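As structure tokens, the structure follows; a few thoughts come after it.
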Protein chains: 2
Amino acid sequence: MESKKLNIITNVLSAKKLKITHQRIVVYQAVMETNKHPSAEQVFERIKDNNPSISLATVYKTLETFVENELINKVSSPGGTMRYDAKRKHHNHIYITNTNEILDYEDEELSKILMNYLNKKKFSNLNITDIKLQIKGEKVNPSKGISIT
Amino acid sequence: MESKKLNIITNVLSAKKLKITHQRIVVYQAVMETNKHPSAEQVFERIKDNNPSISLATVYKTLETFVENELINKVSSPGGTMRYDAKRKHHNHIYITNTNEILDYEDEELSKILMNYLNKKKFSNLNITDIKLQIKGEKVNPSKGISIT
DNA sequence: CTCCAAATAAGAATTATTATTATTTAGTAA
DNA sequence: TTACTAAATAATAATAATTCTTATTTGGAG
């Protein structure tokens, strides 16, 4: 199963004509394995114990390469630093201001409503590439999670 | 009329119990006068010719003071730097990726739809402080403006 | 197996922002 | 008005995040 996962990654990379390197595999895995929207620094922290030779600059560059190849997303956060997340289905973000977390909020119904509404508007000279909702809030109890019904 | 504008500013400042200083008046005016969501650096550029003694650090600190006192907003941008804008009616942002501009998109009807939709959802442990739409796109013709109908 | 364009490591450089500290000033109260 | 004090500012150092540079290494085509 480890090798299966590895296989998926190598396929993804070669589909984008990217050289398959140990660094790229490790960084890609690190971003995929978490839903925590890590910063480059956090990706580096996550991988460095098992891969002490991978440098922070490489992590930055590798992440940037993935963004250019649309394998992951790069999002700005109210905290000021850039955060990365695995590119999956379209989703919105909830910024938790008191813990600096970014949560995903997936809501297909909402996306449809938004699409639908904005399509009726005419934006001249603008080519819209993405529409997402940005919810900002704070955890009432920072040590507990958030659930949505 | 200059003095009238000045009067408005001094009233705003004293309402927040902020000392009325030349630096604050100038920075406040600079942010109010543009709808371009300037960075701290851009505010500095805008004022420095007429106020060569105001330092960049003061601009940063003054803007931060205004944010704390809810006179202006601070928003992150895909470009990575923080941008400021006059706090007015609730509005959404359109990030123009090929020119790095941030446009306002005010739409009360849309806000109501969103509020309404999200109120039906139950987010436990989350105190929502802001909901805004983030539209990303690029100008087809970078030298021209964007109009919305 | 060889070769070369592309990728990486290491660290310097740059950019954005915050912190420090000595000096100045707004507002208050005599 | 003047004197006082807490707050604000100027100048600059420090820090944090990110990008650049360059010498070295390596994946993969042939």
Side-chain angles (χ1 to χ4, degrees), chain A residues 6-7 9-28 30 37-48 50-69 71-72 74-84 100 102, chain B residues 6-7 9-28 30 37-48 50-69 71-72 74-84 100 102:
Chain A
L6 186 66
N7 205 38
I9 298 174
T10 58
N11 285 344
V12 167
L13 291 177
S14 54
K16 296 289 181 176
K17 297 197 195 345
L18 294 174
K19 279 192 185 171
I20 295 161
T21 68
H22 177 234
Q23 291 85 340
R24 283 177 177 165
I25 291 167
V26 169
V27 170
Y28 190 77
H37 306 76
S39 63
E41 189 75 40
Q42 287 166 338
V43 170
F44 178 69
E45 286 303 318
R46 175 173 254 265
I47 66 174
K48 78 168 181 194
N50 292 324
N51 307 272
S53 72
I54 298 181
S55 75
L56 177 58
T58 298
V59 172
Y60 269 102
K61 203 144 150 322
T62 302
L63 289 169
E64 214 47 50
T65 301
F66 290 166
V67 171
E68 283 160 17
N69 285 275
L71 297 177
I72 63 176
K74 185 184 190 179
V75 298
S76 62
S77 73
T81 67
M82 292 310 213
R83 312 271 288 257
Y84 299 86
N100 223 29
I102 301 178
Chain B
L6 185 66
N7 205 38
I9 298 175
T10 58
N11 285 343
V12 167
L13 292 177
S14 55
K16 297 287 182 177
K17 299 200 198 338
L18 295 174
K19 279 191 185 173
I20 296 160
T21 68
H22 177 233
Q23 291 84 341
R24 285 176 176 166
I25 291 167
V26 169
V27 169
Y28 190 78
H37 306 76
S39 63
E41 188 76 40
Q42 286 166 337
V43 170
F44 179 69
E45 286 303 318
R46 176 174 254 264
I47 66 173
K48 79 169 182 194
N50 292 323
N51 307 274
S53 71
I54 298 181
S55 77
L56 177 58
T58 298
V59 172
Y60 269 102
K61 202 143 152 323
T62 303
L63 288 168
E64 214 46 49
T65 301
F66 290 166
V67 171
E68 282 160 17
N69 285 275
L71 297 177
I72 64 175
K74 186 184 190 179
V75 299
S76 63
S77 73
T81 66
M82 292 310 215
R83 312 270 289 257
Y84 300 84
N100 223 28
I102 300 177

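The chains referred to below are lettered A, B, ... by the order of the sequence lines, with proteins before strands, and numbering in each begins at 1. On a predicted model such as this, the values are computed, not experimentally measured, just so you know.
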Between [X] ([atom1]) and [N] ([atom2]), how many Å, whole number?
X	N	atom1	atom2	answer
B:E64	D:dA8	CD	P	14 Å
A:I25	D:dT26	CD1	P	15 Å
A:L18	D:dG27	CG	P	15 Å
A:E68	D:dT19	CD	P	11 Å
A:Q23	C:dA6	CD	P	17 Å
A:I54	D:dT25	CD1	C1'	14 Å
B:L56	C:dT15	CG	P	13 Å
A:R24	C:dA9	CZ	P	11 Å

Of the non-hydrogen atoms in [X] and [Y], which two are nearest, and what is the gap between them?
X	Y	value
A:L13	A:K19	CD1-O, 4.5 Å
A:E64	A:K74	OE1-NZ, 3.1 Å
A:S77	B:S76	O-CB, 3.3 Å

Self-check item: Most 5' of B:H22 and B:Y60 on DNA chain C, judged by nearest nucleotide
Solution: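 Nearer the 5' end of the strand: B:Y60.
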Quiz prompt | Closest-nucleotide ordering on DNA chain C, the 5'-leading residue of B:R83 and B:K19 | solution =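 The answer here is B:R83.
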When all nucleic acid strands are considered with a 4.0 Å heavy-atom cut-off, which category describes [X]: base, sugar-phosphate, or nothing?
X	answer
B:S39	nothing
A:T81	sugar-phosphate
B:T21	sugar-phosphate
A:T65	nothing
B:A40	nothing
A:T58	base

Self-check item: Side-chain donor/acceptor of A:E45 to backbone N/O of A:Q42, under 3.5 Å
Solution: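 Such a contact is absent between A:E45 side chain and A:Q42 backbone.
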Quiz item: Start at the 5' end of DNA chain D and walk down; is the nucleotide closest to B:K17 or to B:P52 reached first?
Solution: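 Checking each residue's closest nucleotide, the 5'-ward one belongs to B:K17.
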